[in-house]
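What follows is one structure encoded as structure tokens, with my remarks underneath.
Here, residue 1 is the first one in the sequence, and each next residue gets the next number.
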Amino acid sequence: VQLQASGGGLVQPGGSLRLSCAASGSSLNYPAIGWFRQAPGKEREGVSYIRTIDNLIDYGDSVKGRFTMSRDNDKRMVYLQMNQLKPGDTGVYYCATSSHIVVRPRDLLDPDAYDSWGQGTQVTVSS
């Protein structure tokens, strides 16, 4: 599968953005799909994931209550609605697919659980 994230940009604190992730080459029928971000000089951080078998969606603690992940299987798209953005949300955002079955769902916030990565999209939150 090839993944391409889009929708990033420059937004003021408190603003919103909607990121999209388009899949090509295959369906999104993977055990899990995730969103990650990486700020300059920092490690890649898990933002959210969808576990396909039961549509479980979970979020990293820093974005819980502000971000919403969704998917459209027919369109082979995954979305990340980001509200109440903060400067700390700045970074390159990536979508990824995982072919692994993990014992603990929260492990799906670990980048090491993912196999295929798309090109990222830059999100900058600044006044």
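Between Ser126 and Pro87 the shortest side-chain heavy-atom distance does not fall below 4.5 Å. Taking the side chain as every heavy atom from C-beta outward, Tyr59 and Leu109 never approach each other to under 4.5 Å. You'll find the side chain of Ser99 reaches within 4.5 Å of the side chain of Asp115, heavy atoms only. Using a 4.5 Å cut-off on side-chain heavy atoms (C-beta onward), Met69 and Gln81 make no contact. Between Asp89 and Arg37, some side-chain heavy-atom pair lies under the 4.5 Å cut-off. Side-chain contact between Gln2 and Ser24 is present, with at least one heavy-atom pair separated by less than 4.5 Å. In this structure the side chain of Tyr93 reaches within 4.5 angstrom of the side chain of Met82, judged on heavy atoms.
The minimum heavy-atom distance between Val1 and Ala23, with the atom names listed, is CG2-CB, 3.8 Å. Here the closest heavy-atom approach between residue Gly8 and residue Thr121 is recorded as N-OG1, 3.0 Å. Of all heavy-atom pairs between Ser26 and Arg76, the closest is O-NH1, 3.1 Å. Between Ala32 and Leu108, the shortest heavy-atom contact is CB-CD2, 3.7 Å. Closest approach of Leu28 and Arg71 over heavy atoms only: O-NH2, 2.8 Å. Contact between Gln122 and Gly91 at its shortest, heavy atoms only, is NE2-O, 3.5 Å.
For the residue pair Ser62 and Glu45, a side-chain donor N or O sits within less than 3.5 Å of a side-chain acceptor on the partner. At a cut-off of 3.5 Å, with distance as the only test, no side-chain donor of Asp107 or His100 sits close to an acceptor on the other residue.
Looking at Asn83, its side chain never comes within 3.5 Å of a backbone N or O of Ser16 through a donor-acceptor pair. Judged purely by atom type and a 3.5 angstrom limit, Thr124 has no side-chain atom pairing as donor or acceptor with the backbone of Thr90.
The number of heavy-atom neighbours closer than 6.0 Å to CD of Gln119, taken from other residues, nucleotides and ligands shown, is 12 or below. Summarising the local packing, NZ of Lys64 is surrounded by more than 12 heavy atoms from other residues, nucleotides or ligands at distances under 6.0 Å.
Rounding to the nearest 0.5 Å gives a distance of 9.0 Å between CG of Leu17 and CZ of Phe67. Here the CD1 atom belonging to Ile57 is positioned 8.0 Å from the OG atom belonging to Ser48, to the nearest 0.5 angstrom.
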Q: Any chance you could lay out the side chain to side chain contact (heavy atoms under 4.5 Å, CB included) test for Leu80 and Val47, step after step, and finish with the verdict?
A: CA-CA 9 Å; Leu80 184 68; Val47 174; 4.0 Å; yes
Q: Walk me through it: do Ile33 and Arg51 pass the test side chain to side chain contact (heavy atoms under 4.5 Å, CB included)?
A: CA-CA 7 Å; Ile33 304 165; Arg51 188 171 66 178; over 6 Å; no
Q: Evaluate side chain to side chain contact (heavy atoms under 4.5 Å, CB included) for Leu3 paired with Cys21, printing each intermediate quantity in order.
A: CA-CA 6 Å; Leu3 303 169; Cys21 175; 4.1 Å; yes
Q.
Is there a side chain to side chain contact (heavy atoms under 4.5 Å, CB included) between Asp72 and Tyr79? Walk through the geometry before answering.
A. CA-CA 8 Å; Asp72 185 328; Tyr79 304 99; 4.1 Å; yes
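Between Asp61 and Arg106, at least one side-chain nitrogen of the basic residue sits less than 4.0 Å from a carboxylate oxygen of the acidic one, meeting the salt-bridge criterion.
Listed by first and then second residue, the ring pair (Phe, Tyr, Trp, His ring centres under 6.0 Å) pairs that reach into residues 5-54 are Phe36-Tyr114, Phe36-Trp117, sequence neighbours excluded.
Scanning for salt bridge (charged side-chain N to carboxylate O under 4.0 Å, His left out) contacts around Arg18 gives an empty result, with sequence neighbours left out.
Chaining together hydrophobic side chains whose heavy atoms lie under 4.5 Å apart leaves Leu10 on its own.
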